[in-house]
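Worksheet: one structure, shown below.
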Amino acid sequence: MLPTHGFVNGGLWKMDLLLRSFHLLSRQNPPPPRTNQEIRIHHNLLVMGLTKQYLRYVASAVFGVIGSQKANIAYVTLRGGEKGRYIAAAACEHVFIWDVRKGEKVMILEGQKHEVTFLRPSPDGVSIAVGYEDGAVRIFSLLNGESNVSFNGHKSAVSIICYDELGARLVTGSKDTDVIVWDIINECGLYRLRGHKGLITQALFLKDKNLLVTSSKDSFVKWWDLDTQHCFKTIVGHRSEVWGMVLLDRESRLLTGSADSELRAWDITYLQEVKAEGEPEEKRGKIELVEDEDEGDQEDEADEGPEERILSCKKVGSILREARDRVVSLAADARTGVIACHGNDSILEVFRVLPEAEVQQKMKKKEKRARKKAARAQEETGEDAGELTVKRTLKDEITRLTHIKASAKIRWAECLSCPGGELKVALLLQNNTIETYSLKAASTTPTSSKTARLTLGGHRTDVRTLAFSSDNLAVLSASGDTIKVWNRATLQVIRTMACEYALCSLFVPGDRQIILGTKSGKLQIFELASGSLLETVDAHDGALWSLCLAPDQRGLVTGSADKTVKFWEFELIKDGEMSHKRLTVKHKRTLQLEEDVLCVKFSPDHRLLAVSLLDCTVKLFYTDTLKFFLSLYGHKLPVLCLDICHDSTLIATGSADRNVKIWGLDFGDCHRSMFAHDDSVMFLQFLPKTHLFFTAGKDKKIKQWDADKFEHIQTLEGHHREVWCLAVSPSGDHLVSASHDKSLRLWERTREPVILEEEREMEREAEFEESMSKGDIPVVPGEAPGEAAPAGKKTIETVKAAERIMEALELFKDENRKMEEHKYVCEAAGKQLPPPNPNPILVAFGNISPSRYVLDVIRKVRSSELEVSLLVLPFSYVPELLKLFNGYIQQGLEVELVCRCLFFLLRIHFGQISSNQMLLTVMDQLRTNTVAQVRQIRDVMGFNSAALQFLQREIESREEVTFFAEATGKLKERKRRRTKRERVVLTIA
């Protein structure tokens with residue numbers, strides 16, 4: 001019956017009918033268009049000349065990963081929650097916030113494309129900085145999970161992030177050996193520090209001084225003066241890479257861990273403080289420290305020889321670790337009372353830094369024992385022992401507290417001090433697990449207790465097989481020790497069952513049981529309702545590589561490394577004395593072959609059986625008689641995967657030689673051979689009722705192909721390691737893939753069409769952006785390369801921002817030219833004519849002036865990208881921009897932003913600007929106007945600051961309370977005076 005909604009809908013109905021006919025002719029069977037909007041999309045595609053419609057698959061979710069191995073973990077606080085309850089862990093490109101008590105995921109900080117390599121919470125606990133593999137840094141709010149600040153300056157993965165005490169600055173280190181200091185408040189980079197020759201392993205701000213200390217794989221520890229942005233001291237006392245660093249004892253001691261079993265201690269003396277207080281340049285308030293007997297050679301004490309102006313750093317001892325390998329991570333709690341370190345094993349060593357009072361008490365006991373010993377010696381020998389000297393060693397200040405034995409190798413450790421002297425320790429393990437422990441740090445013999453273990457959300461080893469249930473609602477994943485069944489909609493684990501090393505799997509028709517093929521050649525049958533193992537069948541003598549359900553759903557076929565293919569039928573038998581029956585499989589036939597079987601597949605019409613062998617061939621047999629039909633040869637390496645399309649006309653094979661071949665099943669002719677992946681093709685599967693298929697490879701990519709047109713349709717990128725397997729849902733709407741990065745990814749088919757030309761263009765843009773990110777750091781003209789350099793880097797965003805500024809300036813010039821022409825015409829005509837129509841862009845922005853439009857474009861550039869965008873800007877646009885800046889400052893518009901741009905342009909184009917006679921007048925006006933405006937802003941800020949201080953005093957006098965910051969300052973001043981008074985008394989005495 002024809003629709004009666006008018007001529008338009010009637011025309012759309014006819015177009016819908018035409019499109020249905022088109023899909024039948026092209027052997028495609030996507031869901032038929034139902035809405036007028038979908039029909040219009042199809043019509044547009046036909047008008048554009050496309051002969052097929054492909055629907056786009058997009059990433060839907062990441063699950064199955066608890067903590068990525070490339071990044072660390074950290075304790076965070078959510079909405080004033082309990083301290084030590086929440087842990088942030090990297091999960092590929094995302095960050096998951098886990099509730100340790102409930103074992104649940106409470107927040108996801110979504111990344112974009114690149115893997116997370118480091119994360120660090122801010123001192124106030126409100127935000128968290130996340131570093132990525134491409135060198136970018138993003139700051140997320142822990143209140144709402146959004147990211148509003150991002151920095152891009154490194155060329156490779158971020159390896160370390162650290163906040164200063166106030167949380168206003170951020171320092172990042174990277175594999176590119178650079179250290180960058182960022183201003184979080186202004187959202188811009190301050191400077192780049194160069195000097196290291198290896199990956200940056202640690203960077204620490206000093207609290208009360210504008211100093212920075214960094215360590216690297218180049219075996220050096222460098223001290224940087226951030227006022228002058230140069231390295232003033234280098235510690236060269238390590239024989240190998242420095243992997244970790246902590247500051248102890250109010251930043252008067254540095255502890256470093258390297259690739260050997262020693263933790264080296266360095267005493268820091270701030271020379272400016274010593275000279276100011278009139279004391280000799282020695283360590284104040286310390287008993288003499290001596291080297292332990294087992295601390296190694298004197299060459300470790302070597303220190304670089306430049307003149308020490310700011311501080312001196314002297315090696316005073318070392319602590320021997322139990323482990324003999326390198327330090328993987330070295331952590332300390334916020335109060336630096338406890339130090340934790342570990343190597344590549346499963347043992348975390350915990351040390352305690354004793355307070356000065358305990359050290360003095362310990363030294364008194366040591367001196368008392370020495371006196372008793374000397375007295376006994378004097379009684380025995382009758383000789384006077386002379387003057388008694390007791391030397392203080394590093395072991396007297398740092399003692400071994402305990403060690404924690406984890407259930408697997410430790411990847412990262414994090415410590416947190418809690419009220420009551422409790423120490424909480426979180427461990428990220430290498431088997432995709434997070435464990436938390438608790439101990440009393442103040443106890444003499446503390447014992448650690450395990451408080452939580454996060455394991456439910458992922459597998460311990462790589463997932464090797466996936467399967468969908470027939471109703472598309474459940475997903476099966478199996479690894480080397482467990483099976484997990486997931487709810488596809490909620491991504492929650494429904495069942496977890498222990499199993500042998502699984503290689504292949506499937507749901508039994510009815511979705512009540514599952515069958516696994518194992519590495520030992522067994523078939524394991526599990527019941528989903530109870531999660532129990534029903535039966536284990538010794539099916540083969542070698543690894544069972546492949547399972548395939550028969551098209552009639554009455555049985556299955558298995559292929560193994562024992563060179564046999566076996567046919568099995570489902571049967572229901574009575575389970576002992578129980579009244580109900582259980583499922584089992586009964587062996588019916590065996591096909592003996594000459595090589596190991598890697599993959600088996602029935603044709604959907606149940607006529608043929610395809611078997612791929614270790615000799616790089618695929619052999620086809622008749623299912624009923626098992627007679628040989630065809631041999632498909634052409635691959636140079638073994639065929640690891642194959643599939644047959646729904647109408648049994650095509651077979652596609654994927655091989656370790658990185659190629660995919662499409663064959664006809666009628667005569668076994670190869671229709672096309674396509675280079676599919678940059679590494680082995682691990683999995684291949686056709687979409688139901690289509691000739692489209694997906695492949696997964698070791699090159700971390702999943703690709704969609706058209707077997708009729710031999711075209712590459714789409715590439716699904718997201719995995720960060722080899723993709724082992726994938727599964728297509730029976731409806732074709734969803735994909736699930738598993739990778740060596742421990743993650744499972746869900747992909748969803750949308751209604752958005754894929755246009756191949758646009759896909760190729762997007763790939764070219766991605767290649768261009770990648771090549772640009774690997775380019776050189778921008779160099780400021782006229783400046784010689786040194787230790788300090790600009791913080792930003794040239795990216796596709798900065799180039800686009802520069803283009804937008806150039807377009808805005810061109811629009812400004814065009815509008816000015818139009819107005820001048822209009823003025824000239826009016827003067828020639830002797831009368832006032834109507835003004836020309838403004839540019840549509842200006843009208844769209846609310847009829848703003850061209851100069852205001854330029855300012856709006858500059859204001860919309862990200863603060864972290866502004867300077868690099870101006871650096872990309874050609875000098876021909878600078879004179880016009882300087883004239884505009886003069887007008888903005890006169891009007892008082894965005895004075896701070898304009899001054900920042902102005903000073904940067906003057907610095908990079910100083911020679912050209914100063915030699916341009918036309919700009920002298922403009923520069924003179926800029927000097928006068930800028931100084932006046934900056935003074936005015938400074939006066940306003942000073943007035944506001946004085947007013948706030950006045951209000952503070954008024955509130956304190958009325959409420960009889962003291963603000964926390966002021967109370968802290970007064971307490972420090974009181975302590976300083978008391979210390980100085982005690983020092984004077986001791987001197988007089």
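Taking each heavy atom of Leu809 and Leu881 in turn, the nearest pair found is CD2-CD1, 3.8 Å. The two residues Glu867 and Phe904 have their closest heavy-atom pair at O-CE2, 3.1 Å.
For Phe151, the ring pair (Phe, Tyr, Trp, His ring centres under 6.0 Å) partners at least two apart in sequence or on another chain are Trp182.
Formation of a donor-acceptor pair under 3.5 Å by the Ser122 side chain with backbone atoms of Ile128 is not found in this model. Ser869 places no side-chain N or O within donor-acceptor distance of the main-chain N or O of Ala801, the cut-off being under 3.5 Å. Proximity of a side-chain donor or acceptor of Ser159 to a complementary backbone N or O of Thr201 within less than 3.5 Å is not detected. The backbone N or O of Gly111 sits less than 3.5 Å from a side-chain atom of His94, completing a donor-acceptor pair. The main-chain N or O of Val868 is never found under 3.5 Å from a side-chain atom of Thr798 such that the two would form a donor-acceptor pair. Using modelled atom types, no side-chain atom of Asp183 and backbone atom of Leu190 make a donor-acceptor pair closer than 3.5 Å. The backbone N or O of Val158 lies less than 3.5 Å from a partner atom in the side chain of Thr117, making a donor-acceptor pair.
Under the 6.0 Å distance and 45° angle rule, Lys197 does not count as a cation-pi partner of Phe220.
Side-chain atoms of Glu717 and Thr715 include no donor-acceptor pair closer than 3.5 Å. Between the side chains of Asn210 and Asp225, no donor-acceptor pair of N or O atoms lies under 3.5 Å.
Annotation: side chain of Ile180 is not in contact with side chain of Val171 (no heavy-atom distance under 4.5 Å).
Checked against the 6.0 Å centroid criterion, the rings of Tyr163 and Phe205 do not qualify as a close aromatic pair.
Partner of Leu211 under the side-chain contact (heavy atoms from CB on, under 4.5 Å) criterion, out of Leu206, Asp227, Leu204, Ile268: Leu206 alone.
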